[in-house]
Every structure is written in C-alpha cells, then in structure tokens.
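Inspection log for the structure reproduced underneath, given as structure tokens.
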Amino acid sequence: MNKLLVLKTISDFKKYRSTLTGSVGFVPTMGALHAGHASLMQQSRTENAHTILSLFVNPTQFNDAKDLEKYPRTFEADLEIATENGVSAILCPDFNEMYPDEYTYSVMEKSFSKKLCGASRPGHFDGVLTVVMKLFNIVEPHKAYFGEKDYQQLQLIKNMVSAFFMPVEICAVKTLRENSGLALSSRNIRLSGEGKQKAALIYKAITESKTTEQAKTFLADHGFQVDYLEDIENRRFVAAFLEGIRLIDNVAK
Ligand code: AMP
C-alpha cells in the first residue's frame, strides 16, 4: 500500500500536484469519514490515476456556532479510511490557509440556494460554493465526486461549474444507507442508540408517504421537529431535527 501524504499548506500541496501525471479525482469532505465517503473515494479510484481527499471543516458554511463546535472530528480514523480506500494525498488546510481574504470574497447563487437548506441556514450555500471553488482552484482536479445525500449542494455545484466555465467534471454518487434506510452521515455519531434507530423513520416517511403533509405528520408524531419536507420536480427533500441534531435526506420520486 502506498504511503498516504498529508499536506497542510497550499504551497506544499501545489508542489505535490505539479509532480502528478494522469487524471486526478477529488473528494472534498469535512472529515468524520464513514462508508458513504468511502464510496466516493472508491469511485474516484476506479476512474483516475490519483485520488485527492480534502478534510476541512469549513466555518463559513455553518450559520450556528454551536453546530460548528460540535461537528465531529476524527482525524486519526479518517487517515485510516483514506489509506484503505486508495487515496494518494490528503489536503487538510487551516482557516488562514483557505481564507487569506478573511471571507471578504464569496460566491453567491441567488435562486435555488435560498430554498430548502438555504432557507433555514442563511449563507450556508455561499460558504459551500466559496470553499468548493477555492478547493478546485488549488487541487485542479479532472473529476470531483459529490454525494446525492446532499442533493441540493450537488446541483448547486454542478450549476456553478457550468456558470463559471470551470474545467472540472462533477460526478454524482448514490446515497449509501444503513440496512434500516438511514442515510450515512457524520452527524449520526451524535445520535443515541435509540435515536439512530428512530432516525431510520426519515427514509420510511419520504419513501412511503403519499403526500408531503402525511410524511410531515408521521415524523412529527414520532418526535421529530421537521424543518422542511418538500417535493421539488421529481425529488422529495427533508430536513428534520432529532435529539437536537439536524438530519437531511432526499429520494427520487
Ligand atoms: P461531508 O463531509 O458531509 O461534507 O460530505 C462529503 C461528501 O460526502 C459530500 O459530497 C456528501 O454528499 C458525501 N456523502 C456524505 N454522506 C454520504 C452518503 N451517505 N452516501 C454518499 N455520499 C455521501
């Protein structure tokens, strides 16, 4: 197994990047890696000569300081998962590396980013799009991998790439789920055992209810605080709180 390179500065990363030949696949993450992230790495590995992973808990996409503080951080375990899944190098910069401008410059989308997660988390997608554009400019990947788990994010990134003529192909990866239907998420670590079982009802609600109203009622009756549950075009989207943790999911209808 090749030794995994861990690069903390952009200048070190760029030196490394300049040595690579062949296609580069990129998997941006906020760490606390799980099998869902691993499926992105595996797809990249089969399609590229090199796979780069980034680990950066991006403060500008958190509108709630407590949520940022409580975001799980599991660096040593992340290194193991990256190694096992054929990652060549990890980029893990700190805030000052990523934001020398202190976030005075940002990328903003004016329409879809204001709906669903954007409606309840003001500025969230500005932070996401800004950090993804920065990462693309640093990593210069041929292909970048994003999960359908964050479908709104995936759509906004695809559209940003197209709007700014960015030379990268966005590849979508299906949502990986537990047998119960629960979508794997870094936030699941924070649920109690009972909470984790109950959280599977989110998938049941969005796949088995005829209407969004029925699905909302079902979740509320089981102790969830529903943030939104909406059908848009051919998909059903949900965000709901359980044990104070915000969980999201979506399915094709
Ligand atoms: P995050 O670390 O939560 O920012 O996620 C990094 C990437 O992994 C994003 O593109 C997510 O959509 C993707 N991802 C997270 N959970 C899953 C999952 N259960 N299945 C597939 N992809 C996922």
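Counting convention: from 1, in listed order, for ligands and their atoms alike. In this text the structure is predicted, and so the values were computed from the model without any measurement.
In terms of protein heavy atoms, atom 12 (O) of ligand 1 is closest to D150 OD2, 2.6 Å. Among protein heavy atoms, the minimum distance from atom 22 (N) of ligand 1 is reached at L40 CD1, 3.4 Å. Protein heavy atom closest to atom 3 (O) of ligand 1, with residue, atom name and distance, is Y71 OH, 3.8 Å. Protein heavy atom at the shortest distance from atom 6 (C) of ligand 1 is P28 O, 3.4 Å. From the protein, the heavy atom lying nearest to atom 10 (O) of ligand 1 is G147 N, 2.9 Å. Closest protein heavy atom to atom 20 (N) of ligand 1: L176 N, 2.8 Å. At the top of the distance list for atom 23 (C) of ligand 1, counting protein heavy atoms only, stands K149 CB, 4.0 Å. Of the protein's non-hydrogen atoms, M30 CG, 3.7 Å is the one closest to atom 4 (O) of ligand 1.
Remark: the T212 side chain and the E230 side chain contain no N/O donor-acceptor pair separated by less than 3.5 Å. Neither side chain, R236 nor S209, offers a donor N or O lying under 3.5 Å from an acceptor on the other. Side-chain contact of E208 with Y203: a donor-acceptor pair under 3.5 Å is absent, judged by distance alone.
The main-chain N or O of Q197 is never found under 3.5 Å from a side-chain atom of E194 such that the two would form a donor-acceptor pair. Checked by atom type and distance alone, the side chain of H34 never pairs as donor or acceptor with a backbone atom of I189 at under 3.5 Å.
Ligand 1 places these atoms under 4.0 Å from at least one heavy atom of L184: 16 (N), 17 (C), 18 (C), 19 (N). Which parts of ligand 1 touch T175 is read off a 4.0 Å heavy-atom cut-off, strictly below it: atoms 20 (N), 21 (C). Below 4.0 Å from some heavy atom of F146 lie the following atoms of ligand 1, by number and element: 10 (O).
Contact annotation: F56 has no heavy atom less than 4.0 Å from any atom of ligand 1. Residue R177 places every heavy atom at 4.0 Å or more from ligand 1.
Distances from atom 16 (N) of ligand 1 to the heavy atoms of Q43, H37, H34 show the closest one on H34. In the candidate list K174, E178, R187, M41, K174 is nearest to atom 21 (C) of ligand 1, counting heavy atoms.
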May I have the list of side-chain donor-acceptor pairs in residues 128-140 shorter than 3.5 Å, sequence neighbours left out?
| from | atom 1 | to | atom 2 | distance (Å) |
| --- | --- | --- | --- | --- |
| T130 | OG1 | V107 | N | 2.8 |
| T130 | OG1 | D126 | O | 2.6 |
| K134 | NZ | M98 | O | 2.9 |
| K134 | NZ | D101 | OD1 | 3.3 |
| N137 | ND2 | M133 | O | 3.4 |

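Residues D67 and R121 come closest through the heavy atom pair OD2-NH2, 3.7 Å.
Summarising the local packing, NZ of K114 is surrounded by more than 12 heavy atoms from other residues, nucleotides or ligands at distances under 6.0 Å.
Taking the six-membered ring for Trp and thresholds of 30 and 60 degrees, Y99 and F95 have nearly parallel ring planes, at less than 30 degrees apart.
Scanning for ring-ring contact (aromatic ring centres under 6.0 Å, His included) contacts around Y228 gives an empty result, with sequence neighbours left out.
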